[in-house]
Amino acid sequence: MNDSNNLIPDHTFLQYFKTAGLTYSVSSRKIRQDIDIIDYLRVFYMYCDLHQIESVFGNTHIPSRLYGGRPVKPHYSLNDDHLARMTGHGIHLALTLTNHFFDEQAYKETWSLLEKHHKTGNAIICTNDELAAHLRKDFPLYKLKASIIKNINTSDKVNRSLDLYDSVTLPMDKNDDDEFLNSLPEKHRIILFANANCAYTCPARTCYLGISQEAFGKRVTSVCSKNRIPRLDMGKVYFNVKKLSGMGFTHFKLVPLAPQGSLEVCRKLSWKKGYLIKSVKQVKAIHYLCSYAKCGRTWLRYILAHYVNSSFKLGMDIDLNSFFSLMPTDDNDPVSGMAAYRHPDDPRFPLIIASHAHYRPEQFATDKNSRVVFLLRSIPDVVVSDYFHRSRFMKSFVGSLKDFLQSPTDGLARYCDYLNSWAPAVQSGQVHVLTYEMLHDDTEMVMADLLKFLGIPMERTILQEAIRLSSFDAMKTVEKTKGMLRRQAEPEDPEAFRMRKGKVGGSVEYLDQEDGDVVRRVSRQLLSDAAKKMLVRFNLWEGDVSL
């Protein structure tokens, strides 16, 4: 490599990437099934305009031994929705069939993949010339691109490759050889990398061969040389595309070198479009655990998280923050919501989404494979616990317990409105109902029934251990030491903990006679007949069973 190079000095020069006339083929390496490909392109390649992206290179969900370059990871593959979105924006697919090896059987196995995407504008990137020759004959609509892995680094190699391929991709280090670049003919058929990472300064590039060997079941003799061969590690670099375009080069490739946090930005954008739910449904069932606040949902999910972690040997360290990656809430919070979910491609167990939402058939009753669990708790206990949660833990309510009970937007009014929305679904038998009181009375039996309902195989010893690890004292200890949801409870205020009391009927310690009368009177006024019958059915009203 020359001492001088064609790198841009800092990120202010990234404006060059939007130079008119430049086009890019960009890597799908960081895409996920729950991300809209257009969101991905706009975030990871924000320094060029979307209309400049002529193709996306990578693999699809259809497997092939002819893939090469990097290990194929199914959850980071382009799916049919991605491809349709690309087509809608005039962006083509470039399949990375860059394996070093070729045989007729592997080609035959790949035929369906090749047929599916055989259309004008799509391309195949090749390392093996025999494969390229077969493609030229059998699938003439594909553009054939000679891969960077071929290490085409002389004028003679370029000329010979252009006899077979439509275009040739040069090694990244050749970007610094102005004399060589200027000497090349047909620069419109030459592709340069516009950015780079380790391959730029790697003296061996042996990892590519090792990946090809593994895909063909050969003995792997070639792996990453980083720990064996010294090299200058320059990290992420960007080339001066303005200068290179002045030499006559207009086609460039880009790898995803976006700032940290870009993936979460994409997931947040795509979550609003339902991409995560859509992608998970292709792999596993999606169930819902629904309850009002302070009905014991955290305890129930904590037991389930311990059980799933142990039963399926996930190797997680379960605490009051990490368990959300198994049992997320129905938002996109990076700690507790769908953005935290880390097992979308594991079909062995369902995704269980926790929700405080009112009942909506369009959310909970549209998928025949989805099951809905509804968790109830007595009105007095919920209201008292919710008061301390909002006033001490969340610090979102200012006022006394009496103020909370009579608030038109919080307290009793809010819980009654919630129960009214769910009562018809419970009455019709559409949901599996359990109560906090039932869970306290016989945790093991209730959990065994729940696992059966959710379609999760039940192993009694694992369940018993999950229950032990999720005892109130155990959870309170975890909260004291590790906190929960970015909050550390104040040790001097016992009412400020998320794990506050964990009692059945504990509200009697806080409600005087006047408060009790308010609870009964307001409940009678605000609850629907269906909600009253639901509470009576599950023994959740003390004294006046007629409500």
Side-chain angles (χ1 to χ4, degrees), residues 280 283-291 294-329 335-336 340-355 369-377 431-485 497-506 538-539:
V280 172
V283 178
K284 59 168 73 181
I286 299 177
H287 304 324
Y288 295 90
L289 172 56
C290 304
S291 76
K294 308 310 295 176
C295 284
R297 192 182 73 172
T298 300
W299 178 33
L300 181 56
R301 282 196 288 171
Y302 203 65
I303 298 172
L304 284 170
H306 272 296
Y307 182 84
V308 170
N309 181 47
S310 297
S311 185
F312 298 99
K313 298 178 173 57
L314 302 181
M316 293 177 58
D317 179 17
I318 300 294
D319 59 33
L320 288 169
N321 292 297
S322 67
F323 87 97
F324 289 107
S325 66
L326 273 176
M327 306 287 155
T329 53
V335 173
S336 61
Y341 189 57
R342 291 295 176 265
H343 305 276
D345 54 349
D346 193 331
R348 296 177 298 166
F349 52 90
L351 164 59
I352 301 172
I353 304 173
S355 176
N369 296 315
S370 292
R371 298 172 184 178
V372 180
V373 178
F374 184 55
L375 179 61
L376 274 170
R377 189 181 183 186
V431 300
H432 177 84
V433 182
L434 54 90
T435 70
Y436 183 76
E437 291 76 9
M438 291 162 55
L439 200 56
H440 259 276
D441 186 53
D442 194 336
T443 309
E444 186 175 328
M445 183 190 74
V446 171
M447 289 304 304
D449 287 345
L450 179 60
L451 290 171
K452 181 179 179 181
F453 176 74
L454 295 174
I456 302 174
M458 205 280 285
E459 297 181 53
R460 193 161 300 278
T461 55
I462 296 178
L463 177 57
Q464 290 171 343
E465 178 64 6
I467 292 171
R468 185 189 69 80
L469 292 170
S470 306
S471 69
F472 180 81
D473 289 340
M475 292 178 70
K476 189 155 191 173
T477 297
V478 171
E479 184 180 7
K480 286 180 178 178
T481 56
K482 296 185 177 182
M484 181 180 185
L485 292 179
F497 282 87
R498 186 70 171 258
M499 305 302 123
R500 193 180 60 85
K501 288 286 181 76
K503 289 183 178 182
V504 171
F538 291 99
N539 301 312

Give, for atom [atom1] of [X] and atom [atom2] of [Y], the distance between the pair rounded to the nearest 0.5 Å.
X: S291; Y: F374; atom1: OG; atom2: CZ; result: 8.0 Å
X: S336; Y: M327; atom1: OG; atom2: CE; result: 14.5 Å
X: R377; Y: K294; atom1: CZ; atom2: NZ; result: 8.0 Å
X: L304; Y: L326; atom1: CG; atom2: CG; result: 9.5 Å
X: H432; Y: L289; atom1: NE2; atom2: CG; result: 10.5 Å
X: H287; Y: F453; atom1: NE2; atom2: CZ; result: 7.5 Å

Taking the side chain as everything from C-beta on, heavy atoms only, tell me whether [X] gets closer than 4.5 Å to [Y].
X: C290; Y: V372; value: yes
X: V373; Y: I352; value: no
X: N539; Y: T435; value: no
X: L375; Y: R301; value: no
X: H343; Y: V308; value: no
X: L351; Y: P344; value: no

Using the six-membered ring wherever Trp is involved, compare the ring planes of W299 and Y436 and label them parallel, tilted or perpendicular (cut-offs 30° and 60°).
perpendicular
What are the two closest non-hydrogen atoms of [X] and [Y], and how far apart are they?
X: S325; Y: M316; value: OG-CE, 3.1 Å
X: Y341; Y: P350; value: OH-O, 4.3 Å
X: A305; Y: I318; value: O-CD1, 4.2 Å
X: L376; Y: E437; value: O-OE1, 4.0 Å
X: G455; Y: R371; value: N-NH1, 3.4 Å

Please list, one pair per line, the donor and acceptor atoms closer than 3.5 Å that link side chains of residues 442-451 to other protein atoms, with sequence neighbours excluded.
residue, atom, partner, partner atom, Å
D442, OD1, M445, N, 3.2
T443, OG1, L439, O, 2.6
E444, OE1, Q464, NE2, 3.4
E444, OE2, R460, NH1, 2.5
E444, OE2, Q464, NE2, 3.4

Only one of F323, F324, Y307 passes ring pair (Phe, Tyr, Trp, His ring centres under 6.0 Å) with Y302, and that residue is F323
Output every pair passing side chain to side chain donor-acceptor pair (under 3.5 Å) with a member in residues 308-319, not counting sequence neighbours, ordered by first then second residue.
D317-K482, D319-S322
